[in-house]
Amino acid sequence: MPLGDPCGGNFTYTNEGLPKCLSACTVPVSSLDRGRGFYCDLLGFEEFASDGKQSFLRRGDCVLILKVGKDVGIDTGIYIGVENPFDIHRRLIDENVVFVRDPMNSPIGVYTSFRDDDGNTIHAVDALGKVE
């Protein structure tokens, strides 16, 4: 009997219970104030909750959790969707943000990569070029 079928009947799974989207990502920061300064002031996120060790930020459907830790300066593997990677590149260059990669084509669309104030690498990909 499958665990999810308390009556013991035969059930054929299709798409039930499978992931539909990525709900949130965690970014390590050395300080919540420093992290909020970058993600809220430069990227337009808004804080909707905090417990002193974590700060929960939202912009549209994108949720980031800033978590205080020692493991900063990593490639987060996070790709945030943007309307145009060239625009965020130009905007953040004007704010003296360090870029790891200028906008380039990839199988998932055009993307660019930059570092936050703790040296974490974040990627920005063309949200309109999403692979379905």
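If you take CZ on Arg58 and CG on Leu64, they are separated by 11.0 Å, rounding to the nearest 0.5 Å. Taking CG from Asn120 and CZ from Phe38, the interatomic distance works out to 9.5 Å, rounded to the nearest 0.5 Å. Distance CZ/Arg115 to OG1/Thr121: 4.5 Å, rounded to 0.5 Å.
Closest of all the heavy-atom pairs between Phe99 and Ile88 is CZ-O, 4.1 Å. Pairing each heavy atom of Pro85 with each of Pro103, the nearest pair is O-CG, 4.0 Å.
In this structure, Arg59 forms no cation-pi arrangement with Phe45, as its terminal cationic atom is not both closer than 6.0 Å to the ring centre and no more than 45° off the ring axis.
Residues Tyr39 and Val63 do not share a hydrophobic cluster, defined by chaining ILVMFWY side chains whose heavy atoms lie under 4.5 Å apart. Val100 is not connected to Val98 by any chain of hydrophobic side-chain contacts under 4.5 Å among Ile, Leu, Val, Met, Phe, Trp and Tyr, and they are in different clusters. A continuous path of hydrophobic side-chain contacts links Ile78 to Val97 [ILVMFWY only; heavy atoms under 4.5 Å]. Phe86 and Ile80 fall into different hydrophobic clusters, where Ile, Leu, Val, Met, Phe, Trp and Tyr are joined by side-chain heavy atoms under 4.5 Å apart, directly or via other members. If you chain together hydrophobic residues whose side chains sit under 4.5 Å apart, Ile122 and Leu92 fall into the same group.
Pairs passing the side-chain hydrogen bond (donor to acceptor under 3.5 Å, both in side chains) check and including a residue from residues 89-99, sequence neighbours excluded, read Asp87-Arg90, His89-Asp102. Residue pairs that meet the side-chain hydrogen bond (donor to acceptor under 3.5 Å, both in side chains) test with at least one member in residues 67-83, sequence neighbours left out, are Asp75-His123.
You'll find the side chain of Leu57 stays beyond 4.5 Å of the side chain of Leu43, heavy atoms only.
Using a distance-only test at 3.5 Å, with no hydrogens or angles considered, a donor-acceptor pair links the side chain of Thr112 to the main chain of Arg101. Side chain of Ser50 to backbone of Gln54: a donor-acceptor contact under 3.5 angstrom is found.
Under a cut-off of 6.0 angstrom, the local environment of CG in Asp61 is sparse, with at most 12 non-hydrogen atoms contributed by other residues, nucleotides or ligands.
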Side chains of residues 26-35: which donor-acceptor pairs under 3.5 Å do they make with residues two or more places apart or in other chains?
from, atom 1, to, atom 2, distance (Å)
Ser30, OG, Asp118, OD1, 2.6
Ser31, OG, Asp33, N, 3.4
Ser31, OG, Arg34, N, 3.0
Asp33, OD1, Arg36, NH2, 2.6
Arg34, NE, Asp117, O, 3.3
Arg34, NH2, Asp117, O, 2.2

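Side chains of Asp126 and Tyr111: a donor-acceptor N/O pair is absent below 3.5 angstrom, by distance only.
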